[in-house]
Amino acid sequence: MGGIAEASREALWISLQIGGPLLVLMLVVGLVVAIFQALTQVNEASLSFLPKMAALAVALILLTPFFTGVLRGYAQTLFEMIIQVGSRP
């Protein structure tokens, strides 16, 4: 039972590591665009959407090696735990 709890805890931590930076980036870009719209009184829907999508695309391109390494390490740990459970008498 401890292995399942450990794997679940690690899965939550991995999801935070992967989703957290992207969510924070979207929050910052959204705030900057909202401040820009408030200062210039330009209320265009695409003005708030396009910068977020561009920032997300750039972040995904730059952070893909990190995400891959984190997921690979988690998968390796998970498979090792499965092998340990399977090799018990």
Taking all atoms of both residues into account, what is the closest heavy-atom pair of [X] and [Y], and its distance?
| X | Y | result |
| --- | --- | --- |
| S48 | V33 | CA-CG1, 3.6 Å |
| A59 | L25 | CB-CD2, 3.4 Å |
| Y74 | A7 | OH-O, 3.2 Å |
| M26 | K52 | CE-O, 3.3 Å |

For the [atom1] atom of [X] and the [atom2] atom of [Y], what is their distance to the nearest 0.5 Å?
| X | Y | atom1 | atom2 | answer |
| --- | --- | --- | --- | --- |
| Q76 | M81 | CD | CE | 13.0 Å |
| F67 | I14 | CZ | CD1 | 11.0 Å |
| L60 | L56 | CG | CG | 4.5 Å |
| I82 | Q84 | CD1 | CD | 10.5 Å |
| L63 | Q17 | CG | CD | 12.0 Å |
| I83 | L78 | CD1 | CG | 10.5 Å |

* Structure fact -> Applying side-chain hydrogen bond (donor to acceptor under 3.5 Å, both in side chains) to R9 and not counting sequence neighbours gives E6
* Min side-chain heavy-atom separation Q37-L47 under 4.5 Å -> yes
* Check: I18 and L71 side chains under 4.5 Å, non-hydrogen atoms -> yes
* Give me the other members of the hydrophobic cluster that L39 sits in, counting Ile, Leu, Val, Met, Phe, Trp and Tyr linked by side-chain heavy atoms under 4.5 Å, directly or via other members. => I35
* To do: Using the rule that two of Ile, Leu, Val, Met, Phe, Trp, Tyr join whenever any of their side-chain heavy atoms come within less than 4.5 Å, decide whether L50 and V29 are in one cluster.
  => yes
